[in-house]
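To start, the structure itself, in structure tokens.
Numbering of residues begins at 1 and proceeds along the displayed sequence. The basis for the numbers below is simple: all heavy atoms, side chains too, and nothing from hydrogens, waters or symmetry mates. Just so you know, ligand 1 is whichever comes first in the structure, and atom 1 is the first atom listed for that ligand.
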Amino acid sequence: MQRLPPFSYEPARSVAEAVALLSKYGADAMPVSGGTDLYANMKQRLFAPKVLVGLRPIRALRFIAYDDARGLEIGALATVRDLAESEIVAARYPALARAASSISTPQLRAMGTVGGNLCLDTRCNYYNQNLDWRAALGFCLKNGADICRVAAGSRTCLAVNASDLAPVLQAFGAAVHLAGSGGERALDIAQFFTDDGRNALARDAREILVKIALPPAQPGTRSAYRKLRQRASFDFPLLGVASVVWLDGAGVCRDARVVLNALGPRPVEALEAAQCLIGTRLEPEALAIAADAAYKVGKPMENAGTTLAYRKRMLRVFTRRTLEDIAGVGAPA
Ligand SMILES: Cc1cc2nc3c(=O)[nH]c(=O)nc-3n(C[C@H](O)[C@H](O)[C@H](O)COP(=O)(O)OP(=O)(O)OC[C@H]3O[C@@H](n4cnc5c(N)ncnc54)[C@H](O)[C@@H]3O)c2cc1C
Ligand code: SF4
């Protein structure tokens, strides 16, 4: 049995209190929301914080609100289940509801939060192992050694962003709001993630994520999310494909975004794939060309389940299926 390392728990009752506690304890502290990811990682000794700052008591951060002018706002403490079951989200941002309902299990969705999901640690076959396993191998860049086991020549960690919500939120053009001792700041979600899995978030350790804001849903917006995983019952994504398409009144695509995830430390926008859709009526040929473009841009590494070759092949298949869902011709997932 794996046991948690010793730590003390300091509940925060407000954002200001959480920020003050994180500043007080510095590198010794981490925030915890649902704990569904953090506690498992602590058991594997990936982290051993002396203090956990509990965010769950901050009830004001558990909300989902929609306004035609402001758009959708999701408090960081809204649970993944809140998101999956929200009628507003299902009606206006269906890909988000779909991604939320594909996350882990009902129990974990009830505990896990949207903020925790976006702040997930990156994952890799050589990292998400217990201490003895990693020590026997001699560790890797993400554990303080000087080599990446996936790509020996790499100077950065290539571990993957395994959040199902991140690519969908990026496709919708979301902003994340962070609170720190200097006040609140908003960042485009694409800038929230970095290229190095060792330090994969543009978040200061003393800041907490408080809110995610999405632009208002315009008429003619369609969205979809597909996820490749080993077990259909529950599993992290081996590949995630999110797309949002904006159609004009005549059904012609006037803008599009395609975002791929679980390939590296940050979601990757397939710009050329999106360009291939603009000006079309999402005819099958257009979807196939866009899927080819996504295939070219996605570069999986040998660091997640199955093989690199299979994940690479599935890039084209899953992009096409995602776009077929948007075009209304997709087979059930
Ligand atoms: C078996 C299993 C299967 C899973 N499957 C999936 C899956 O399919 N898809 C998926 O996306 N996820 C999956 N997860 C991961 C996890 O359950 C979810 O991502 C969940 O939403 C994490 O939220 P949490 O509140 O529990 O995060 P926590 O565990 O509390 O925290 C996760 C990380 O985020 C930080 N953090 C938490 N809240 C904040 C905040 N507000 N501000 C700043 N930092 C914060 C913590 O310090 C920690 O580093 C799985 C987990 C398990 C154990
Ligand atoms: S990608 Fe490389 S450095 Fe990063 S966790 Fe995996 S083996 Fe370690």
### Message
Could you check whether any heavy atom of V150 sits closer than 4.0 Å to an atom of ligand 2, since that is the contact criterion I want to use?
### Response
yes
#### Entry: Closest approach of any protein heavy atom to atom 41 (N) of ligand 1, naming residue and atom
L209 O, 3.1 Å
### Query
side-chain hydrogen bond (donor to acceptor under 3.5 Å, both in side chains) with K142: which of N199, T156, D121?
D121
### Task
Could you check which of C140, A151, C148 puts a non-hydrogen atom nearest to atom 2 (Fe) of ligand 2?
C148
#### Entry: ligand 1 to G115 polar contact by distance, N or O atoms, under 3.5 Å
no
### Proximal ligand 1 atoms for N117, defined as those under 4.0 Å from one of its heavy atoms
10 (C), 11 (O), 12 (N), 18 (C), 19 (O), 21 (O), 22 (C), 23 (O)
### Query
Between S102, S33, C119, which one has a non-hydrogen atom sitting closest to atom 35 (C) of ligand 1?
C119
### Summary
One finds that the ligand 1 atoms under 4.0 Å from a non-hydrogen atom of L38 are 29 (O)
### Message
Does the residue D121 have a heavy-atom contact with ligand 1, meaning some pair of atoms that are separated by less than 4.0 Å?
### Response
no
### Reference residue P300; test side chain to side chain contact (heavy atoms under 4.5 Å, CB included); the match among L263, L238, L239, V160
L263
### Summary
Closest to atom 32 (C) of ligand 1 among protein heavy atoms sits G116 O, 3.8 Å
### Query
Based purely on interatomic distance, does P31 place a nitrogen or oxygen under 3.5 Å from a nitrogen or oxygen of ligand 1?
yes
### Task
Tell me which protein heavy atom sits closest to atom 4 (C) of ligand 1, plus the residue, atom name and distance to 0.1 Å.
S104 CB, 3.2 Å
### Query
Closest non-hydrogen protein atom to atom 28 (P) of ligand 1, residue and atom name please, with distance?
G35 N, 3.5 Å
### Message
I'd like to know if atom 6 (Fe) of ligand 2 has an N/O/S atom from C124 within less than 2.8 Å of it, counting both backbone and side-chain atoms.
### Response
yes
### Task
Identify which of T113, V53, L83 has a heavy atom lying nearest to atom 25 (O) of ligand 1.
T113
### Message
Please list, in number order, the atoms of ligand 1 under 4.0 Å from a heavy atom of I208.
### Response
42 (N), 43 (C)
### Task
Please write down residue, atom name and distance for the protein heavy atom closest to atom 49 (O) of ligand 1.
M30 CE, 3.6 Å
### Query
At a 4.0 Å cut-off, with the gap strictly under it, does some heavy atom of G197 reach an atom of ligand 2?
no
### Message
To check your reading of the model: name the closest protein heavy atom to atom 3 (S) of ligand 2, its residue, and the distance in Å.
### Response
L141 CB, 3.5 Å
### Query
Which residue owns the protein heavy atom closest to atom 17 (O) of ligand 1, what's the atom, and how far is it?
T36 OG1, 2.8 Å
### Summary
Looking only at heavy atoms, the pair that brings G75 and V114 closest together is O-CB, 4.5 Å
## Note on the structure
A student comparing L108, N41, L120 should find that the heavy atom closest to atom 52 (C) of ligand 1 comes from L108
#### Entry: Close approach of A40 to ligand 1, heavy atoms, under 4.0 angstrom
no
### Task
Would you mind checking which non-hydrogen protein atom is closest to atom 50 (C) of ligand 1, with the distance to 0.1 Å?
F236 CZ, 3.2 Å
## Note on the structure
atom 1 (C) of ligand 1: closest protein heavy atom, distance to 0.1 Å, is F234 CE1, 3.5 Å
